[in-house]
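Below is one structure, written out as C-alpha cells; the observations come after it.
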Amino acid sequence: MAASGSTQPPLGGQLLLSLDADDLAAVSFLDEAMIVAILKCRYRKKVIFTFIGEILLSVNPFERISHRRKSLREAPSRVPGYTKPDISVTANRVYTGLMESKRSQCCIFSGESGSGKTEMSKMFLSHLMRRCAGEPELESKIILFNPLLEAFGNAKTSLNDNSSRFGKFIELQFNGTGKVIGAKICEYLLEKSRVTHRSAGETNFHIFHHMLSTFSAEQLKKFKLNGVTNSGYLADSLADPSSERTARKLDGLTEGLTTIGFSLAEQDAIFSILAAIIHLGCVKFDDHPETGQPFERSSQKSIRNSASLLKIDRVRLHNQLQNLEIYSRGEVISRPYTRTEAEDCRDSISKALYNRLFGWLIYRINQVLAAPKSTQATLTVGILDIFGFENLKTNSFEQLCINLANEQLHNFFNTKIFKQEQQEYAEEGLDMESIAYRDNSDLLIKPYHKTCFLDRPIGILSLIDEECHFPQGSDSSLVTKFTRNFGNCRSRFRSSFYPVPERELPEPSFTISHYAGEITYSVRGFLEKNRDSLPDRVVVVLQSSTHSVVSSLFNASLARERARSFSTGPRQRRSRTPRLLPPGLGARECAPGCSIRSAPGKDSPWAFNSGYDERAIIPSPNSE
C-alpha cells in the first residue's frame, strides 16, 4: 500500500531515514516489504515499538526486557517527531482520551500466537494503573489477577510456552474525576479440552504443573498427590523442560490468591477440585469379558481419591463412570458403557469441573474488584486480550473458534481504520486516494457471500449445530454438508478426505482461506466437542457434594452477560454457538493510539524472522 502521491520507493539517504522512522505513517513510500525492512532495522537496535499512525506495533524479543518505569503523569501525549513509540505513551493516550472526551475507551491487543500480547497487556495495565489515582489496595488487586488467570488459563503450545488458551476482556471502571473504582473481567472460549487431550509437544494448563512441582510434602499428602507421576492427563507434560520454569514463575500464587481475597477454605476447594481432576485422569478402563469389570484394578484408588476430594459418594461416582443411566417413564434404565463411552464420560466430568472452576474464579475475582454500590462508574476502559491466530500441525474445533474470533477482530480493525476513515473523508468532501485492502466480510457477514461463518441457517457454525441434533450425524457427514453448501466457493473453501496412517477410513477435513492464510481443519471430534454434553445423572451426583464450592458449581447456572455470574434459578439451555468477542465492542471509542498489534520475532532472543528477503531493500552503508 503506497502513500498518496508516491509511486517510487525512496533512495539513498531518504531510505536510511525511513528505516529509522518511529512512525510508519510518516514514510513516503510504504508496502509490506518496506514495513518488514523498517521493523527489522529497528529490531536490530533493540527497539521493539513502532507507531503506525494510530496503532502501536510491538515485535516480541523473546526475552524479558527492563521496561522504563517513569511516571506517566510526565509523559506527554504523542506528537509526531517528539514522543518515542512506547506502551506507556499508549496508556497515557488512552487515559487522556478518557478524561478529555468523557467517553469510554478500549485497547485491543491482537497478533499471532506467540507475539507477546499477554505481556504487552500486563505492561499496559500496569502503566494505566500508575497513571490514574485510585485506591492502592484495589490497584494492587487489579495487577495481581493477571498472574492468577495465566496460571489457570495458559499453557505451552507448539508456538508459545505461555499461550493464552482463552480470551479475556477487562473493563476498568472510573468515576468522573478519573479514579479507578472497580473492574470486571469476562472470559471467552476457554480451551477446556486441553485438560484431557493435547497435541504432541504441548502441555496441560500451568496450574497442574505448579501443584506437583511446588507443593510441600504436607500439601501433596493433603490432596492425595503423593506418588502421582507423569501419567493420565499429565502424560508427557511434567517431563517438558518448560514445565519447571513455569512452576517457578508461579511461585507466590497462594499469596496472590490471599491478597486478591480468596479465603483459605476457598483455596483448599480450588486445589481439591484440581487434584480430583488429576486422579480422574488416572482412571483406566479395560475390557474383561469373563468378569465384565470395565476398570483396571489400579483405578479403584483413583476413583476413591477423586470422590473423597469432591466429597461425593464413591459408589455413585463408580456407577456413573461404568453405566449410562436414563430416566424413562419414572424408571431408571441402565446399560454398561463401552470402553470408549466410559472414557468420554470420564473426560466430560473432568472438563466440566475445570471449566466451571475457571468460571467460579472469574466470578469471585469480579466480586472482589466490583465498584462499591455507593459509587457509580461513569467511564470505562476496555482491554481486549484475545488468543492469536493459530495454524498448528493438526487444527481442530478449538483452532476454528480461535481463528474465527481473529477474523472478527480483523474485520473490526478494517472497519475502524479503513472503512470509517474513508467514509469520513468522503462526507467532508476531501480528496484522497482509495486504499486497497483485503476485506474478509465475505467470511462473516451474510449479505456479502454464501460462504460465511455466522450466517443462519446456512453457515459453518449453524451447520455444526444442526448436525449435532441428528442421531446419525458424524464428522464425515458434516464435511459432506459443508461441501454441498460451500463447494462452489473455491476461493474460500475446500473439503477433502485424506488418508491417515493406522486408520482404516480417511480423515475428513476442510480448508478455509483466512485473512492470514489457508488453514486445513481436521473434523475428527468436531461434533463431540461442540455437543460438550455431561450426562444428567452425573450432574445429580456432583450436585449432591457436601463440598459447598463443588455443589455450587453444578447447582448454579453460569450466565455470560459481560461476566460470569451465578444465579439459583432453573438450568437454562445453553446456546451451542459460542460468543467470540465482547458485546458492544464497536460502540466504544477506539481512541487514537489505543490499538496494539504484536508481531512474533523468532523463538530465540532478538532473532528476527520474516517471510521477506530484506537484502533487496536495505541499502549498504555506502549507499548514497
[X] and [Y] ion-paired at < 4.0 Å:
X: Arg335; Y: Glu325; result: no
X: Lys117; Y: Asp385; result: no
X: Glu202; Y: Arg194; result: yes
X: Glu187; Y: Lys192; result: no
X: Lys481; Y: Glu466; result: yes

Under the side chain to side chain contact (heavy atoms under 4.5 Å, CB included) test, residues paired with Arg304 that sit two or more places apart: Lys301, Arg314

Just by distance, with hydrogens left out, do [X] and [Y] show a side-chain donor and acceptor under 3.5 Å apart?
X: Ser477; Y: Glu467; answer: yes
X: Lys529; Y: Ser396; answer: yes
X: Gln322; Y: His318; answer: yes
X: Thr118; Y: Ser164; answer: yes

Within 6.0 angstrom of Lys222 NZ, more than 12 heavy atoms from elsewhere: no

Residues, nucleotides or ligands: over 12 heavy atoms within 6.0 Å of Gln367 CD: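 Yes - once you tally the heavy atoms of other residues, nucleotides and ligands closer than 6.0 Å, there are more than 12.
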
Phe166 ring center near Phe152 ring center (under 6.0 Å): no

Phe510 vs Ile512, side-chain contact (heavy atoms from CB on, under 4.5 Å): CA-CA, chis, key distance, verdict: CA-CA 7 Å; Phe510 64 95; Ile512 293 179; 3.6 Å; yes

Ring geometry between Phe223 and Phe215 (parallel below 30°, tilted from 30 to 60°, perpendicular above 60°): tilted

Stepwise side-chain contact (heavy atoms from CB on, under 4.5 Å) check, Ile207 with Tyr354: CA-CA 11 Å; Ile207 187 63; Tyr354 196 85; 3.6 Å; yes

